[in-house]
Amino acid sequence: MTTAQTQELDVQPTPLALLLLGREADPRSERGVECPGDLPSPSDPDLVERARRAKEKLGDKVFVLGHHYQRDEVIQFADVTGDSFKLARDAAARPEAEYIVFCGVHFMAESADILTSDDQKVVLPDLAAGCSMADMATAEQVAECWDVLTEAGIAEQVVPVSYMNSSADIKAFTGKHGGTICTSSNAKRALDWAFEQGEKVLFLPDQHLGRNTAVRDMGMSLEDCVVYNPHKPNGGLTADELRAAKMILWRGHCSVHGRFSLDSVNDVRERIPGVNVLVHPECKHEVVAAADYVGSTEYIIKALEAAPAGSKWAIGTELNLVRRLANRFAPEGKEIVFLDKTVCFCSTMNRIDLPHLVWALESLAEGNLVNRIEVDKETEAFAKLALERMLALP
């Protein structure tokens with residue numbers, strides 16, 4: 001279709017389409033952002049030494065956090081490693097650190113800013129390190145969903161529960177509407193609490209974690225769950241379907257964990273007799289149902305630490321972590337493989353590479369604050385309320 005024909009039909013590209021094309025930016029979105037400054041060349045043989053020198057020069061003024069899914073070249077400079085919530089709490093426990101350099105993705109850095117003091121400055125080495133799952137629920141979409149629930153006459157019965165892997169805006173919505181945040185480790189506790197407060201849960205933004213927790217851990221049926229699609233009128237659901245549901249799942253997912261399939265599980269069992277299949281609860285329900293063990297990133301690490309020598313494991317989570325664990329436990333005779341034949345890194349996690357880290361550290365060492373992540377005070381207050389409700393869970 002020509003431009004003239006498009007104008008004739010008065011077809012206007014949507015804001016999302018413009019973001020995907022890289023032609024617009026939205027400060028409330030994790031897409032459409034650029035990293036300013038001149039990065040060192042990725043072929044620079046001195047990158048490791050430059051990062052070491054800059055970090056040494058900063059001393060106690062800097063605290064570097066490394067998510068488990070980060071590249072090895074980055075994780076070597078982390079003062080602590082962990083999942084998103086553990087890292088945010090670790091940052092809050094280091095009030096003497098003026099700079100928190102978060103090697104992870106945007107929503108994680110937001111959580112660190114929410115939980116740290118006003119004097120601390122959170123830095124994300126590459127502002128384009130977002131999260132596709134967090135992007136799947138915007139503040140406007142969730143507000144519209146709440147209007148749909150209100151029109152169906154059930155909003156007062158609904159308690160929002162948002163996964164940690166969500167933007168500050170979504171955490172703030174959750175806090176404002178009496179809900180709580182959860183991690184993949186405490187999702188059942190969060191849902192137990194929510195059902196003590198109301199009759200239904202709106203689970204944001206990962207449908208798979210919500211469904212797996214409700215069905216696998218709480219004994220609900222698949223029929224108790226409906227999926228709200230923000231791209232369809234009324235979420236693609238009737239008022240009766242919303243009234244009948246216990247779990248209203250947002251149509252979001254992790255692009256890495258969502259790749260694993262039942263075929264992946266069957267195939268690895270054929271290739272490796274006696275293999276233990278261990279997957280993250282962000283995987284699809286049929287994958288979780290077919291696995292031997294299911295748990296958070298920290299659970300996966302602890303399970304492999306406790307595994308007997310000579311045992312065989314197929315892991316359904318991000319490849320950087322699986323590869324690191326395979327190398328770590330190989331001397332103990334533990335065979336650890338990636339669940340899928342197709343190699344799949346988290347593309348946004350991998351945006352934090354050594355050139356970006358070197359640039360951020362050297363800039364801070366020279367007194368230049370770059371790529372600061374700062375959540376506005378109102379959003380921070382309501383998001384912190386939701387996080388505090390999670391911390392108070394029994």
Side-chain angles (χ1 to χ4, degrees), residues 132-134 136-138 141-142 144-166 170 173-174 177-255 257-262 265 279-291 294-296 316 386 390 393:
S132 59
M133 180 199 294
M136 291 177 188
T138 67
Q141 289 172 332
V142 176
E144 184 178 332
C145 171
W146 199 256
D147 289 341
V148 171
L149 301 182
T150 301
E151 290 172 11
I154 61 169
E156 292 184 356
Q157 306 165 29
V158 177
V159 178
V161 175
S162 291
Y163 190 22
M164 178 62 73
N165 299 28
S166 58
I170 302 307
F173 169 90
T174 304
H177 290 84
T180 187
I181 308 302
C182 76
T183 68
S184 51
S185 300
N186 69 5
K188 181 180 183 299
R189 275 183 289 155
L191 287 177
D192 284 337
W193 174 87
F195 280 110
E196 291 172 3
Q197 318 304 313
E199 299 174 23
K200 304 172 186 295
V201 164
L202 171 64
F203 195 89
L204 300 152
D206 180 23
Q207 60 169 307
H208 300 308
L209 177 61
R211 182 183 294 106
N212 290 328
T213 306
V215 176
R216 182 178 181 274
D217 300 332
M218 300 178 69
M220 295 187 202
S221 69
L222 290 173
E223 289 69 34
D224 290 324
C225 307
V226 295
V227 178
Y228 182 95
N229 186 342
H231 303 294
K232 291 185 176 181
N234 298 316
L237 299 166
T238 66
D240 286 341
E241 287 173 325
L242 288 168
R243 294 185 191 112
K246 291 182 180 178
M247 289 285 293
I248 302 167
L249 306 169
W250 191 264
R251 190 175 181 270
H253 65 275
C254 170
S255 57
H257 292 103
R259 290 179 59 92
F260 300 114
S261 66
L262 187 56
V265 178
V279 303
H280 195 281
E282 288 177 19
C283 293
K284 297 173 184 174
H285 181 68
E286 58 266 28
V287 173
V288 165
V294 181
S296 67
M390 180 181 75
L393 290 174

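Numbers here simply count residues along the sequence, with the first being 1.
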Heavy-atom side-chain contact between L209 and T213 under 4.5 Å: yes
Is the number of heavy atoms from other residues, nucleotides or ligands under 6.0 Å of Q197 CD greater than 12? yes
What are the two closest non-hydrogen atoms of G295 and P281, and how far apart are they? O-CD, 3.2 Å
Within this structure, what is the SG-NZ distance for the pair C182 and K188, rounded to the nearest 0.5 Å? 13.0 Å
Using modelled atom types and a 3.5 Å cut-off, is there a donor and acceptor pairing between side-chain atoms of R243 and backbone atoms of I154? no
Enter the distance from Y163:OH to E282:CD here, rounded to the nearest 0.5 Å. 3.5 Å
Which heavy atom in L191 sits nearest to a heavy atom in A214, and how many Å separate them? CD1-N, 4.4 Å
Output for pair (R251 CZ, H231 NE2), nearest 0.5 Å, gives 7.0 Å
Heavy-atom closest pair, residues H280 and V288: O-CG2, 4.1 Å
Backbone N/O of A245 and side chain of K200: donor-acceptor pair under 3.5 Å: yes
Are any non-hydrogen side-chain atoms of L204 and V142 less than 4.5 angstrom apart? yes
Provide the closest heavy-atom pair for G258 versus K284 in the form atom of the first, atom of the second, distance. O-CE, 3.0 Å
Checking the side chain of T174 only, and the main-chain atoms of G179 only, is there a donor and an acceptor separated by less than 3.5 Å? no
With salt bridge (Lys or Arg N to Asp or Glu O under 4.0 Å) as the rule and sequence neighbours excluded, what pairs involving residues 206-226 come up? none
Nearest 0.5 angstrom please: C145 SG to F173 CZ, how far? 7.0 Å
Atom pair CD/CG of E144 and L149 - distance to nearest 0.5 Å: 11.0 Å
With a 4.5 Å limit on heavy-atom distance, are the side chains of V215 and M247 in contact? no
Do K246 side-chain atoms and S221 backbone N/O form a donor-acceptor pair below 3.5 Å? no
Looking at D192 and R189, is any side-chain nitrogen of the basic one under 4.0 Å from a carboxylate oxygen of the acidic one? no
Exercise: identify the closest heavy-atom pair between I170 and S162: CG2-OG, 3.6 Å
With side chain to side chain contact (heavy atoms under 4.5 Å, CB included) as the criterion, how do V161 and W193 come out once you've worked through the C-alpha distance, each side chain's angles and the decisive distance to 0.1 Å? CA-CA 10 Å; V161 175; W193 174 87; 5.6 Å; no
Heavy-atom nearest pair, C283 first then V279, reads SG-CB, 4.0 Å
Would you mind reporting whether M390 and M164 have side-chain heavy atoms less than 4.5 Å apart? yes
Find the distance between CE (M136) and OG (S255) and round it off to the nearest 0.5 Å. 6.5 Å
Is there a side-chain contact between C225 and F203 in this structure, where contact means two heavy atoms from C-beta onward sitting under 4.5 Å apart? no
Using a 4.5 Å cut-off on heavy atoms from C-beta on, say whether the side chain of Y228 contacts that of V148. yes
